[in-house]
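Reading through the C-alpha cells given below for one structure.
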Amino acid sequence: MTLEELDAALLALGWKVSDFCRATGLHRNTPSRWRNEGVPIPGWVPKHLTLLLEIKRLSASYLVPPKDSASE
C-alpha cells in the first residue's frame, strides 16, 4: 500500500489518521514514521482498510433506507 492509497482510503471512510490510530490501537506517531521515515506500511493495514470500506459500502447498500424519489 502506498501513502497515497492510505490517504485515499481514509478519505473515503471520512477518517483522520488519528481516527485510524484509535480504531487500530496504533501509536499516533506510527503513520508519521510510514510517511517521513520510510517505514513500510504493514500488510494488515490495506486488508483492514479494504474490510472497512466494504462494510461502509454494504451499510450504504443495505442498511440505509433508500430515498423516496417522489419527494425529490
Side-chain angles (χ1 to χ4, degrees):
M1 170 171 258
T2 66
L3 293 169
E4 292 78 17
E5 291 168 333
L6 173 67
D7 292 339
L10 293 177
L11 181 64
L13 289 168
W15 286 18
K16 299 176 186 173
V17 173
S18 58
D19 298 325
F20 182 70
C21 289
R22 273 192 298 280
T24 58
L26 288 175
H27 188 276
R28 59 187 157 87
N29 293 338
T30 300
S32 294
R33 292 181 62 225
W34 299 339
R35 190 170 306 280
N36 301 323
E37 298 176 21
V39 174
I41 297 172
W44 64 266
V45 171
K47 292 176 185 175
H48 188 79
L49 288 171
T50 299
L51 289 171
L52 291 173
L53 289 166
E54 182 65 6
I55 290 168
K56 182 177 180 176
R57 185 191 69 75
L58 289 169
S59 174
S61 295
Y62 297 105
L63 299 178
V64 177
K67 293 183 180 183
D68 182 11
S69 60
S71 65
E72 293 179 350

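Just so you know, residue 1 is the first one in the sequence shown, and it goes up from there.
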*Same cluster or not: are Val17 and Trp44 linked, directly or through other Ile, Leu, Val, Met, Phe, Trp or Tyr residues, by side-chain heavy atoms under 4.5 angstrom apart?*
yes
*Quick one: CG on Leu53 to CG on Leu58, what's the gap to the nearest 0.5 Å?*
11.0 Å
_Check: Ser61 side chain, Arg57 main-chain N or O, donor-acceptor pair, under 3.5 Å_ = yes
*asked:* Check this for me: does any side-chain nitrogen of one of Lys16 and Asp19 sit under 4.0 Å from a carboxylate oxygen of the other?
replied: no
*CG/Leu52 to CZ/Phe20 distance, rounded to the nearest 0.5 angstrom?*
7.5 Å
*Where do His48 and Thr24 come nearest, in terms of heavy atoms and distance?*
NE2-CG2, 3.7 Å
*Taking atom NZ of Lys56 and atom CG of Leu51, what is their separation to the nearest 0.5 Å?*
15.0 Å
*Atom CZ in Arg22, atom CZ in Arg28: separation rounded to 0.5 Å?*
11.5 Å
_Do Leu3 and Leu26 sit in one hydrophobic cluster, given that two such residues count as connected whenever their side-chain heavy atoms are within less than 4.5 Å of each other, even indirectly?_
yes
*Got a donor-acceptor contact below 3.5 angstrom from the Thr50 side chain to the Pro46 backbone?*
yes
*Calculate, to the nearest 0.5 Å, the distance between atoms CD1 and CD belonging to Ile41 and Glu5 respectively.*
8.5 Å
*asked:* Quick one, Arg35 with Asp7, criterion side-chain contact (heavy atoms from CB on, under 4.5 Å). Give me CA distance, side-chain angles, the key distance, then yes/no.
replied: CA-CA 11 Å; Arg35 190 170 306 280; Asp7 292 339; 2.8 Å; yes
*Rounded to the nearest 0.5 Å, how far apart are CG of Leu13 and CG of Leu49?*
6.5 Å
*asked:* Using every non-hydrogen atom in the two residues, find where Trp34 and Pro42 come nearest and quote the distance to one decimal.
replied: CZ2-CD, 3.5 Å
